[in-house]
Amino acid sequence: MSVKDVPESHPRYLSLTMRETIVQGVEIGITSMHGLIAHGRGEAFNYLLGEKTQDFALQALRVAAAKLCLAKHPLISVNGNAAALAAEDLIKLSEISGAPLEVNIFHTSSDREKKIAEHLLSSGARGVLLPQTDCILPGIDSNRKFIHPEGIAKADLVFVPLEDGDRCEALIKSRREVVTVDLNPVSRTAKTATVTIVDDLSRTLPLLVDLVREYKTQDKSVLAELIDLYDNEQVLKEAREYIARHFVNG
Ligand code: PTJ
């Protein structure tokens with residue numbers, strides 16, 4: 001079965017298409033096998049979120065866009081799942097925000113890092129940074145410690161969807177801000193990040209691109225005010241409450 005074999009009339013068409021896309025990611029060598037498990041976990045939360053962008057995600061999206069516009073050195077970190085699900089939208093976000101794309105993966109494989117970079121380039125990216133073994137993010141032991149001197153090393157804000165908790169903590173400890181997209185509002189990343197968009201990555205990215213486009217011409221003081229009013233803990237609470245209600249009421 002491939003993406004084009006999923007019948008459009010199927011009630012779970014979008015979900016099945018995404019499954020096929022992530023399986024294809026494994027087949028072409030950009031997504032790890034573990035990525036399938038992570039995707040399954042995401043699917044369960046997506047289901048409980050009504051498979052829609054909810055208000056708490058929109059609140060976080062607006063602040064994420066404002067932060068991307070105000071950051072001096074924003075950076076987009078790409079792993080194997082993000083590359084498979086959303087390469088074109090990540091490239092659009094990079095172009096509109098001026099944030100470089102940097103490959104950074106948890107499950108060590110220099111072959112996969114190169115393939116992710118090639119996939120982004122063949123999808124239209126003008127450049128992609130790869131991790132360098134002589135440039136290290138302190139406070140982290142996994143492969144994710146290797147970063148690029150002109151990318152994460154220089155960044156004041158890192159957009160990193162489907163993150164693992166360790167690196168999110170290390171980025172925050174290094175005084176960088178983190179914007180994440182995570183369907184699980186109780187994950188360590190969701191709780192540690194500066195801004196957590198509790199939504200599906202492929203659903204949320206087009207909205208983020210549009211918001212960045214709109215905010216680019218917005219007065220900086222208006223964006224700063226939007227950021228000041230934001231409370232990530234409150235947003236996570238609203239997401240948890242939504243999931244609990246949906247679970248209890250069906
Ligand atoms: O390519 P690599 O080696 O960097 O590996 C990438 C994965 C995602 C496998 C790796 O980072 C990992 O193991 O992540 P975790 O710790 O399983 O966390 C993934 C989080 O993303 C979980 O909380 C999932 O609920 C969430 N998630 C999964 N799919 C999506 C998602 N969030 C948003 N959109 C999705 N499509």
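Numbering of ligands and ligand atoms starts at 1, following listing order. The analysis underlying the following values was restricted to heavy atoms, covering all of them including side chains, and did not include hydrogens, waters or symmetry mates.
Under 4.0 Å from ligand 1, not a single heavy atom of Glu43 appears. Neither the backbone nor the side chain of Asn46 comes within contact range of ligand 1; no heavy atom lies under 4.0 Å.
The heavy atom nearest to atom 3 (O) of ligand 1, considering only Glu113, Arg167, Arg112, is found in Arg112. Nearest to atom 15 (P) of ligand 1 by heavy atom, out of Arg41, His107, His34, is Arg41. Of all the listed residues (Val78, Asn104, Asp182, Asp200), Asp200 holds the heavy atom that lies closest to atom 36 (N) of ligand 1. Of the candidates Glu163, Arg203, Arg188, the one placing a heavy atom closest to atom 18 (O) of ligand 1 is Glu163. With distances taken over non-hydrogen atoms, the option nearest atom 32 (N) of ligand 1 out of Val160, Ile37, Leu183, Asn184 is Leu183.
Near Ala38, meaning under 4.0 Å from any of its heavy atoms, are these atoms of ligand 1: 8 (C), 9 (C), 17 (O), 24 (C), 28 (C), 29 (N).
Hydrophobic clustering keeps Val198 apart from Val178 (ILVMFWY residues linked when any side-chain heavy atoms are closer than 4.5 Å, directly or through intermediates).
Geometrically, ligand 1 and Ser187 share no nitrogen or oxygen pair separated by less than 3.5 Å. Ligand 1 has no N or O atom lying under 3.5 Å from any N or O atom of Ser32, backbone or side chain. The N/O atoms of Gly35, backbone and side chain alike, include none that comes under 3.5 Å of an N/O atom in ligand 1. Between Leu201 and ligand 1, at least one pair of N/O atoms sits closer than 3.5 Å.
Protein heavy atom closest to atom 33 (C) of ligand 1, with residue, atom name and distance, is Asp199 O, 3.3 Å. The nearest heavy-atom contact from the protein to atom 4 (O) of ligand 1 is Phe106 N, 2.7 Å.
Ser97 places a side-chain N or O within donor-acceptor distance of the main-chain N or O of Ala99, the cut-off being under 3.5 Å. Using modelled atom types, one side-chain atom of Thr192 and one backbone atom of Arg188 make a donor-acceptor pair closer than 3.5 Å.
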Would Glu51 and Arg203 satisfy salt bridge (charged side-chain N to carboxylate O under 4.0 Å, His left out), going step by step from the backbone distance to the final call? CA-CA 9 Å; Glu51 294 175 320; Arg203 192 165 54 232; over 6 Å; no
